[in-house]
2 protein chains.
Amino acid sequence: MAKVKRARIQDVAEKAGVSTMTVSRVMSKDTKVSAAKTALVMEAVNALNYRPNVAARRLAGSQSFLIGLLYFDLDTSYVSKFLLRGLKSCRATGHHLVADEIDDDIEKSIVAVKDLIEVTQVDGIILLPPVCDIPEVLTTLKEANVPFVRIAPDSQLNLSPYICMDDYQAGFEITELLIKQGHTKIGHIIGNPNQGASRLRYQGYLDALRSNQINVPPEYIEQGMFTYDSGFNAAKKMLALKDRPSAIFAANDEMAAGVISAAHMNQLTIPNQLSVTGFDDGHLATTVTPHLTTIRQPIQEMAALAIELIASKKFADASKANSREYRHVLDFEIVERESNAVKGT
Amino acid sequence: MAKVKRARIQDVAEKAGVSTMTVSRVMSKDTKVSAAKTALVMEAVNALNYRPNVAARRLAGSQSFLIGLLYFDLDTSYVSKFLLRGLKSCRATGHHLVADEIDDDIEKSIVAVKDLIEVTQVDGIILLPPVCDIPEVLTTLKEANVPFVRIAPDSQLNLSPYICMDDYQAGFEITELLIKQGHTKIGHIIGNPNQGASRLRYQGYLDALRSNQINVPPEYIEQGMFTYDSGFNAAKKMLALKDRPSAIFAANDEMAAGVISAAHMNQLTIPNQLSVTGFDDGHLATTVTPHLTTIRQPIQEMAALAIELIASKKFADASKANSREYRHVLDFEIVERESNAVKGT
DNA sequence: AAATGCAATGATATCGCTAACAATTCTTGT
DNA sequence: ACAAGAATTGTTAGCGATATCATTGCATTT
């Protein structure tokens with residue numbers, strides 16, 4: 001098996017009849033190169049199947065081709081989904097991902113962030129919730145002048161570019177879905193109060209009820225923590241009520257799974273006697289029985305976009321400039337499965 | 001804030017009074033350098049806080065510092081745990097992880113593997129189960145002469161170095177745990193038959209019963225698929241038996257979660273009326289109510305070891321040489337939680 | 001004591017690319 | 001039609017490490 005040597009930039013330059021710099025410029029899409037030369041170069045690139053050598057780029061250039069990712073809790077499907085998709089996107093641009101866990105120990109967290117900046121010399125950093133709302137982390141990044149994107153941030157929205165979905169609207173729509181199915185006794189389990197998304201989903205729920213002139217007793221609203229246990233306990237209380245709800249909207253899938261479990265224990269069949277909806281569309285949504293009607297978060301799209309943003313050279317300036325142009329609200333999707341149904345008579 | 005330039009190999013060499021090559025050799029730990037010079041170099045390295053520039057190493061040397069990771073199903077906590085830990089280990093050695101999903105489309109899979117080898121030029125590849133048992137993938141790797149480590153392989157064990165845990169022993173011990181608690185009517189839900197671990201766990205279960213002179217009717221053994229649904233359905237059948245088991249050992253946590261759900265639906269309290277044990281100790285284990293007694297797989301340790309193996313230069317030769325020395329069986333651990341109890345009278 | 005061999009160390013030439021600046025071509029106004 | 005300025009393209013010099021080969025030093029043999 002003859003080993004074919006990878007084409008170098010020089011090979012491309014020769015084949016296209018231009019200088020290596022022209023090729024370099026075409027590859028990094030930055031400076032303007034005439035359409036004619038660009039075409040010539042691209043032709044040569046394709047003919048030789050040329051792919052720039054990342055190591056050489058890093059050594060010669062100012063980019064490190066490294067992207068930092070700060071997450072909080074490893075064990076959520078949110079993080080791993082984001083990670084896997086991010087890894088894929090990175091491949092396309094020749095970047096690499098450096099992931100770091102942040103925990104409650106703020107001091108340690110700051111060290112990790114500084115390490116990422118100084119030692120690893122990342123081109124940019126992605127902050128997953130809830131890291132994107134830790135003031136100390138944000139301050140450190142700002143001081144170091146490192147560009148960063150936040151995913152679903154809850155505060156200081158004009159501090160940096162960010163990517164999110166409309167949690168409020170999703171909360172509104174999924175509640176309306178239940179209302180349209182004839183439910184009026186709709187309960188809600190609020191998510192972790194430390195994460196802004198909880199509040200938005202809750203507000204969407206409230207407004208959907210209000211705009212349909214539906215009143216629910218305060219017992220229909222319980223505070224959860226985004227965990228299975230908290231959903232389970234909240235549901236236990238609600239289902240023990242004399243006049244129990246006919247539908248429960250849990251602010252994430254884990255709590256919805258807890259609700260289902262509680263319903264099973266109370267001999268309630270789902271969806272006939274109780275409709276349940278979740279939020280996230282993680283692995284769990286199709287794991288529990290019956291499968292959850294839920295909101296699909298565009299996590300993969302968020303990951304791809306985040307990488308793309310940091311990879312684009314413009315980004316570095318952008319984060320300093322007016323960041324209003326760098327707000328990305330992606331679409332969510334209601335995924336209807338078997339955990340909800342028209343209210344029985 | 002004055003930006004401190006990172007020390008280069010030359011700075012270290014000057015400070016230590018040796019040539020750059022000596023420093024290089026010390027850093028890569030490979031050739032022998034006298035103890036005296038090594039000490040000198042290390043001192044300078046520490047004083048200057050020197051860290052080799054990975055890009056330069058890659059450009060000049062023969063290593064790519066890239067490690068490929070082939071996985072099958074993204075959505076298991078197995079993969080994400082492995083990934084996160086792997087990412088961490090990579091940081092320490094300056095390597096990077098390139099992850100690629102393999103699916104049922106064998107042809108596409110082979111393309112992905114070849115791409116990893118030829119385009120990405122990885123130093124080595126890690127195969128997660130069940131990718132590590134796909135013959136076409138193994139053949140391709142062998143032909144390309146790329147070193148690889150397999151995690152928990154099921155076949156052709158002397159084909160390559162591998163890392164695993166003793167699934168048989170774990171199955172044996174967790175069954176014995178139930179037996180010691182007085183259970184004799186112990187059911188088992190077998191895992192996906194395409195994964196060798198299923199068979200081993202099952203065999204451990206059988207042998208534990210046998211060595212305690214316990215016989216169970218064939219209805220106590222159901223075939224599952226490692227999914228929640230399959231566990232749920234298997235348990236439904238078993239619990240509907242006239243003489244139902246007092247304990248069920250599911251071959252993974254997801255199926256165990258299904259068992260719990262089925263038990264709830266049958267009004268059985270856990271662990272009083274039914275003991276349940278899982279396998280994996282993933283997120284789910286502490287998510288369901290009650291928390292699962294299960295086997296903690298040393299996934300993180302496996303990840304760290306796999307990276308370490310590939311990072312060590314010796315590895316390249318090793319995979320060609322007699323690979324018998326490269327079998328690593330790591331310890332597991334029984335994690336006792338609340339899903340099992342002494343058999344009620 | 002000279003010859004031999006091996007281990008430890010050093011000098012030098014790249015690796016493939018981009019930054020910075022230089023040179024060239026193309027606009028455009030007059 | 002021509003100069004001035006803008007846009008495009010080319011030239012050169014590294015980036016920071018390792019491979020390769022040459023050299024040195026020292027123990028061992030004769």
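In what follows, chains carry the letters A, B, and so on, assigned in the order in which the sequence lines appear, proteins first and then strands, with residues in each chain numbered from 1.
Closest to the side chain of A/Val33, from the set D/dT9, C/dC15, D/dT18, is D/dT9. Listed nucleotides C/dT18, D/dT18, C/dA8 differ in distance to B/Ser34; the shortest reach to its side chain belongs to C/dA8. Listed nucleotides C/dG16, C/dG10, D/dA17 differ in distance to B/Ser19; the shortest reach to its side chain belongs to C/dG10. Among the nucleotides D/dT9, D/dC15, D/dA17, the one closest to the side chain of B/Tyr50 is D/dA17.
Atoms CD1 and NE2, from B/Ile310 and B/His95 in turn, are 9.0 Å apart once rounded to the nearest 0.5 Å. Within the model, atoms CD of A/Gln297 and CG of A/Leu330 stand 10.5 Å from one another, a figure rounded to the nearest 0.5 Å. Here B/Lys108 contributes atom NZ and B/Ile110 contributes atom CD1; the two are 12.5 Å apart, rounded to the nearest 0.5 Å. Atom OG1 of B/Thr20 is separated from atom CG of B/Asp11 by 11.5 Å, given to the nearest 0.5 angstrom. The distance from atom CG of A/Leu87 to atom OG of A/Ser80, rounded to the nearest 0.5 Å, is 11.5 Å. Note that CG of A/Leu141 is 11.5 Å distant from SG of A/Cys132, once rounded to the nearest 0.5 Å.
For C/dT18, one of the phosphate oxygens OP1 or OP2 lies less than 4.0 angstrom from a side-chain nitrogen or oxygen of A/Ser24. Taking only side-chain nitrogens and oxygens, A/Thr22 comes nearer than 4.0 Å to OP1 or OP2 of D/dG10. Note on A/Ser62: a side-chain N or O is less than 4.0 Å away from OP1 or OP2 of C/dA19.
Regarding B/Met27, its CE atom lies at a distance of 9 Å from the P atom of D/dT18, rounded to whole Å. Regarding B/Asn53, its CG atom lies at a distance of 18 Å from the P atom of D/dG14, rounded to whole Å. Taking atom CZ of residue B/Arg57 and atom C1' of nucleotide C/dT14, one finds them 18 Å apart after rounding to whole Å. Counting to the nearest Å, the C1' atom of C/dC15 and the CG atom of B/Leu59 are 4 Å from each other.
Contact detail for A/His96 and A/Cys90: the closest heavy-atom pair is C-SG, 4.2 Å.
Of the residues in residues 37-48 of chain B, B/Lys37 come within less than 4.0 Å of DNA chain C through at least one heavy atom, sorted by number. At a non-hydrogen distance threshold of 4.0 Å, B/Arg8, B/Ile9 from residues 8-18 of chain B come into contact with DNA chain D.
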Anything under 3.5 Å between a protein N or O and an N or O of nucleotides 20-27 of chain C, put it in a table, one pair a line.
none

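Here the options are B/Ile163, B/Val149, B/Ile151, the test is side chain to side chain contact (heavy atoms under 4.5 Å, CB included), and the partner is B/His328; only B/Ile163 passes.
Proximity of a side-chain donor or acceptor of B/Asp115 to a complementary backbone N or O of B/Val111 within less than 3.5 Å is not detected. For the pair B/Ser64 (side chain) and B/Gln121 (backbone), a donor-acceptor distance under 3.5 Å is present.
In the model, A/Thr120 has a side-chain atom that pairs as donor or acceptor with a side-chain atom of B/Arg91 under 3.5 Å.
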